[in-house]
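Here is the structure we will look at.
Chain identifiers are assigned alphabetically (A, B, ...) following the order of the sequence lines, protein sequences preceding nucleic acid strands; residue numbering begins at 1 within each chain. Computed over heavy atoms, backbone and side chain alike; hydrogens, waters and symmetry mates excluded.
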Amino acid sequence: MRYNFRIVRDYHPQSLDRKWQARWQDTGAFEVTEDPSRPKFYCLEMFAYPSGHAHVGHVRNYMIGDVMARQKRMRGFNVLHPFGWDAFGLPAENAAIKQGIHPEQSTLANIAHMKGQLQRLGISYAWNREIATCLPDYYKWNQWLFLRMLERDLAYRKRSTVNWCPSCQTVLANEQVVDGGCWRCGTAVGSRTLDQWFLRITHYAQELLDATDRLTEWPEKVLTMQRNWIGRSEGARVKFALLRAGVSEAPSAPLPADAPAVEVFTTRIDTIFGATFVLLAPEHEWIERIADESADPAAVRAQVQKFRAQDRTARMTGEVEKEGFFTGRYAVNPFTGRAVPLWVANFVLGEYGTGAVMAVPGHDQRDFEFARKYGLPITVVVQPEGQPPLSADAMTEAFVEPGRIVGSGEFDGLWSTDAIGRMAEAAEARGIGARTVQFRLKDWGISRQRYWGTPIPVIYCGHCGMVPVPDDQLPVELPAMVEFTGRGDSPLAQVEAWVTAPCPACGRPARRETDTMDTFVDSSWYFYRYCDPRNDRQAFDPAKVRYWCPVDFYSGGVEHAILHLIYSRFFCRVFRDLGMVEHDEPFTRLLTQGMVLKDGSAMSKSKGNVVDPDDMLARYGADALRLYVMFVAPPENEIEWTDAGLEGSARFLARIWRVADQWCDAFAGRAVPALAGLAPNEAEQELRRVTHDTIRRVTHDLDPRVHLNTVVSALMEMVNALYAFCEAHTNTGIPGRRAKGEAGPVEERPETLAVLKEALDALVLMLSPFAPHTAEELWEMLGHEGGLAAAAWPAYDPVIARSSEIVVPVQVNGKLRGRLTVPADVTEEALKELALAEAAVRVHTAGKTVARVIVAKGKLVNVVVK
RNA sequence: GCCGGAGUGGCGAAACUGGCAGACGCGCGGGACUCAAAAUCCCGUUCUCCGCAAGGGGAGUGAGGGUUCAAUUCCCUCCUCCGGCACCA
């Protein structure tokens with residue numbers, strides 16, 4: 001077989017990008033519909049906030065997802081790979097205040113630009129399913145779902161103290177407060193008291209916690225964060241009956257169970273005999289009443305006010321000195337029957353538990369410090385075992401470990417952990433307490449005093465009260481014209497024509513709710529909408545969601561480990577309980593991709609360290625960028641951006657190009673001899689082995705392992721093997737190494753061409769998820785029609801992938817002393833004999849006794865000598 | 001403080017089920033090609049010791065211990081870094 005040399009085609013990745021992106025778009029290559037005959041694969045990357053420009057940190061995530069989507073398509077899966085925009089949010093509105101550009105205008109322009117960037121990267125999205133949450137056809141269903149939650153008491157309105165960001169001029173959920181600052185702008189968070197809408201995520205707290213055990217394909221890190229966030233703790237609520245003002249002695253007869261009482265939450269009811277005072281949070285609901293009934297109401301109020309005014313975050317993180325004051329009132333410890341003073345303390349949290357605690361200074365460090373500071377009594381009710389007994393006067397710190405119960409009447413002698421159960425039972429029997437479970441997780445406050453969000457669909461009527469907007473009047477659309485002043489009240493409240501609306505119940509003039517929803521509402525269910533993005537009768541068709549969901553592979557930044565991912569798990573359960581979805585968890589497998597750093601820190605406009613993918617595309621093409629980002633480290637790792645690494649990937653692509661180009665004319669337009677019936681020589685067989693073994697490695701590393709960096713390594717090794725083969729075993733030689741004078745017909749064995757064709761075909765197919773443009777072009781050059789869309793993932797033959805000869809290391813006492821080259825099917829016995837006969841081994845066994853010979857089949861021989 | 005995750009060459013990393021530590025790439029060094037350079041191709045590159053050399057010895061995966069014929073991998077103690085929670089009663 002002969003072929004003629006010609007000049008190597010130049011590799012122009014940029015023109016390949018354009019050519020194949022246009023073709024994919026024209027043919028709708030990545031659009032899909034439900035097809036029950038094929039297994040589905042829902043591959044999703046967290047959608048994007050349209051900030052204007054995507055940097056390589058953002059697009060890394062999309063590239064990871066794209067590799068998985070493309071690879072799954074080739075393996076016969078019906079792949080849903082959609083994209084969309086988390087398009088509501090503060091920056092657009094802040095820009096409007098500053099620059100006077102309407103948020104809708106800037107958002108839509110940003111979306112257009114970023115969409116272009118993603119398309120230039122060749123990400124294989126089903127663009128006809130694109131959604132933007134700021135459009136009424138999306139947020140209508142936020143409103144619809146809100147009304148369903150309202151009906152089920154999963155949405156409710158409550159006056160409450162909330163986190164307030166003075167810079168963003170809005171409320172923040174607890175999850176949005178990071179280290180005491182606003183999650184978006186970092187400004188120190190203050191507090192305000194407002195009527196707020198809440199979603200009752202706590203209804204699912206236990207289920208959300210329990211189900212983390214079944215999320216076996218989520219990173220442990222994320223599950224830990226969610227468990228911490230939910231923060232379950234088991235304990236008991238106990239009532240301390242309140243004595244009337246002026247009474248400081250407990251009555252001799254027990255008080256009735258329904259007497260006015262301060263209820264406390266404790267995890268250490270075993271120490272209750274040591275509870276010598278009770279502490280109330282400054283926010284406690286009874287503070288007002290106690291002040292009124294006190295001798296000097298004004299003084300009490302002033303003290304409370306002082307505590308409430310203390311910096312909210314400092315109070316929550318313990319940076320404020322522990323302070324308190326005596327209210328003048330007493331309560332009764334229900335176990336000792338003694339009166340204990342009632343204090344207010346700044347370190348007691350109003351929003352956790354009951355807002356009141358029993359103070360056990362002997363066994364709680366905070367209470368101990370408080371007692372010493374204010375001269376309150378300390379009683380020891382738990383003694384350590386195997387140590388000298390504690391005395392209250394001599395203690396320098398609280399004893400918080402479990403121990404033997406003392407001074408607690410009938411419970412004396414019990415071990416603390418056993419006493420907890422027994423005392424809780426006793427409290428229950430007397431009707432003065434109950435075992436409870438307390439969660440740190442709080443209901444999700446969704447009210448935002450901003451314009452650029454989903455209007456909350458309720459109307460307040462002077463006669464009917466709060467009235468939900470009927471479904472057939474949805475969506476409640478945002479008014480088009482608004483003046484953006486940045487003032488603290490809701491911008492919608494200023495649009496009188498919009499606010500005034502007839503009451504849906506009685507028809508009289510009423511006023512709309514002027515708060516909008518937290519944008520995390522939008523992102524909590526968008527993955528369902530992708531399944532049926534244009535449905536104007538329902539949020540989605542349950543049958544379509546049943547086919548596509550749950551999401552099989554979800555990737556995004558770890559910064560969403562709590563916020564977005566716990567809200568989505570919550571919404572999934574709401575939809576489930578509405579009968580619209582059948583699964584319990586929305587995301588089967590989660591991958592948290594690491595950030596891309598530049599000069600040691602995350603890319604951001606303000607730091608001026610942003611790497612724009614378009615710059616990289618202009619220099620190296622999309623494939624080199626994609627390949628580099630996949631190769632440099634595992635997807636979960638943070639990576640430091642370097643241009644040098646990118647050049648290495650560009651070189652690798654050119655190296656593939658050259659070897660494929662060198663042989664493609666030999667294959668094109670003629671029948672490459674089939675391998676069957678040919679007799680490849682040793683070198684050719686070895687190349688086949690490399691080909692099949694590489695397919696095996698790559699297939700496994702892609703899925704299920706998602707070790708994308710080692711996939712690229714394996715491809716590089718295969719290319720190195722191809723070059724070595726060309727150099728040593730073909731007449732043509734190394735690609736790009738031909739001297740001009742040598743140009744001319746060169747003969748190759750048919751076997752050589754056949755194994756090369758097999759190798760190059762497989763190489764291009766395996767490359768295609770990473771470098772799809774180059775791969776498409778090479779696939780065409782290799783003589784295939786129909787594009788990669790028509791191609792299947794290469795299969796490997798395990799027999800060919802296995803070498804007929806293997807190299808087995810031989811150790812003596814665990815130290816490597818030699819290597820044996822033996823047939824792959826060598827017996828253990830033969831291997832043992834060969835090992836003992838090996839010269840390098842005998843040097844180390846001479847004069848010693850061979851105690852054992854361990855043969856790990858096909859892997860290693862270890863000779864143990866004494 | 002509690003709960004997770006991680007620590008391997010000059011750098012990014014690999015080692016899948018306990019079996020040759022450092023694959024692959026970057027960088028660096030050398031060579032080939034070239035009038036020359038770039039590009040390309042080939043070789044070398046954990047540290048250290050012995051040797052002119054071929055070659056050989058020793059150490060080595062944060063530290064120390066343990067289990068094992070054999071440990072980056074399993075167990076214990078500790079150190080450091082990263083992340084989460086944290087006056088949560």
Any A:Tyr723 side-chain nitrogen or oxygen under 4.0 Å from OP1 or OP2 of B:rC42:
no
Base of B:rC20, side chain of A:Arg819 - is there a donor-acceptor contact under 3.5 Å?
yes
CD of A:Gln365: more than 12 outside heavy atoms within 6.0 angstrom?
yes
Atom-to-atom span, CG of A:Leu816 to P of B:rG60 - whole angstrom:
16 Å
Under 6.0 Å between the ring centres of A:Trp641 and A:Tyr628?
yes
Choosing from B:rC16, B:rA89, B:rC85, which nucleotide comes nearest the side chain of A:Arg705?
B:rC16
Counting only side-chain N and O atoms of A:His707, is one of them less than 4.0 Å from OP1 or OP2 of B:rA13?
no
Distance, rounded to the nearest Å, where A:Gln811 contributes CD and B:rC20 contributes P:
7 Å
OP1 or OP2 of B:rA39 versus the side-chain N and O atoms of A:Arg651: is any pair under 4.0 Å?
no
Atom-pair distance (NZ on A:Lys221; P on B:rA6), nearest Å
10 Å
Pair assignment for RNA chain B - dot-bracket with | for other-strand partners, Watson-Crick or G-U under 3.5 Å:
(((((((..(((......[....)))((((((.......))))))(((((....)))))..(((((..]....))))))))))))....
Counting just side-chain N and O atoms, does A:Asn637 come under 4.0 Å of either OP1 or OP2 of B:rA13?
yes
Is the phosphate of B:rA39, meaning OP1 or OP2, less than 4.0 Å from a side-chain N or O of A:Arg658?
no
With a cut-off of less than 4.0 Å, is there a side-chain N or O of A:Asn720 near OP1 or OP2 of B:rG25?
yes
Please confirm whether the shortest side-chain N or O distance from A:Thr642 to OP1 or OP2 of B:rC11 is below 4.0 Å.
no
Is the shortest side-chain N/O distance from A:Asn709 to OP1 or OP2 of B:rG12 below 4.0 Å?
no
At less than 4.0 Å, is any side-chain N or O atom of A:Arg366 found next to OP1 or OP2 of B:rC88? Yes or no.
yes
Think A:Arg817 has a side-chain N or O under 4.0 angstrom from the OP1 or OP2 of B:rC20?
no
Ignoring backbone atoms, test whether A:Arg696 places a side-chain nitrogen or oxygen under 4.0 Å from the OP1 or OP2 oxygen of B:rC16.
no
Step through it carefully: locate the ring centre of A:Tyr374, locate the ring centre of A:Phe325, and say whether they are under 6.0 Å apart.
no
Atom-pair distance (CZ on A:Arg232; C1' on B:rC85), nearest Å
17 Å
